[in-house]
Amino acid sequence: MEQVVLNWIEQHIDQVAPRNPVGNHIDEITDTPLEGVEALHVSLQALAPLIRHLAVRDFPVQPILVVPLLYGTSRLAAACPSNLPEVYQNLHGSEPPSLYMQHWEAGIFLDPQEEYKRPLSFSLLEPPITGLYTYYRESRTLDELRDGWEFARCIYLAYYPARYRFTV
């Protein structure tokens, strides 16, 4: 997995810009058909090497894993999974998880959304990685809101090196 992730980084790191995150489904990165729980497990295995390689090089890039869940309704449900079996039951059947490299400056741009976020109360990754923030998110763009579309539901695993962590 290490070499697969390193190859993906090398192929795409130069494309990352503040307005251009780079992301691919895990089955595209591994060039292996993957679905459901297997795709989740493989994507979790790929996250640690992604974090490690980007941190060592000190790129201005945030590693992120996005795990799509079944779509919600057109009303905010705040239906955060409370355990791993609930995550498995809610995995999006036709869309595997994706690894992303997002420029640290991407967050300065306005991106109006209707959204709900909540930290997960359990870990998806063992052993845990210091600086990895795992949260549930329901969201839709303003156009999707206007058109009455349902909320997208995902779990995000976003890494923050020490310089970007706020501690009290």
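Please read all numbers here as calculations on a predicted model, not as lab measurements.
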Consider only side-chain heavy atoms of I, L, V, M, F, W and Y, link residues closer than 4.5 Å, and tell whether Val66 and Leu50 are in one cluster. no
Does the plane of the ring in Tyr135 sit parallel, tilted or perpendicular to the ring in Tyr156? Use 30° and 60° as the thresholds. parallel
If the plane angle is over 60° it's perpendicular, under 30° parallel, otherwise tilted; pick one for His92 and Tyr71. perpendicular
Check whether any side-chain N or O of [X] sits under 3.5 Å from a backbone N or O of [Y] as a donor-acceptor pair, and report yes or no.
X: Glu138; Y: Ala79; result: yes
X: Asn90; Y: Glu86; result: yes
X: Ser43; Y: His41; result: no
X: Glu10; Y: Asn7; result: no

Mark yes when over 12 heavy atoms from residues, nucleotides or ligands other than Asp147 sit less than 6.0 Å from its CG; otherwise mark no. yes
Heavy atoms from other residues, nucleotides or ligands near CZ of Arg57 exceed 12 (cutoff 6.0 Å): yes
Please report the interatomic distance NE2(His53) to CD1(Ile13), rounded to the nearest 0.5 Å. 12.0 Å
Does the side chain of [Y] come within less than 4.5 Å of [X]'s, by heavy atoms?
X: Trp104; Y: Tyr160; answer: yes
X: Asp143; Y: Trp149; answer: no
X: Tyr159; Y: Ile64; answer: no
X: His25; Y: Glu95; answer: yes
X: Asn24; Y: His12; answer: yes

Just to verify, what does Leu145 make a side-chain contact (heavy atoms from CB on, under 4.5 Å) with, not counting sequence neighbours? Glu114, Arg140, Leu142
Looking at residues at least two apart in the chain, or sitting in another chain, which of them share a side-chain contact (heavy atoms from CB on, under 4.5 Å) with Arg75? Thr73
With respect to Ile29, which candidate in Leu34, Val4, Val42 satisfies the side chain to side chain contact (heavy atoms under 4.5 Å, CB included) definition? Val4
Looking at every non-hydrogen atom in both residues, tell me the closest pair between Leu54 and Ile9 and how far apart they are. CD2-CG2, 4.1 Å
Filter on salt bridge (charged side-chain N to carboxylate O under 4.0 Å, His left out), then keep only pairs touching residues 32-55, sequence neighbours left out; what's left? Glu2-Arg52
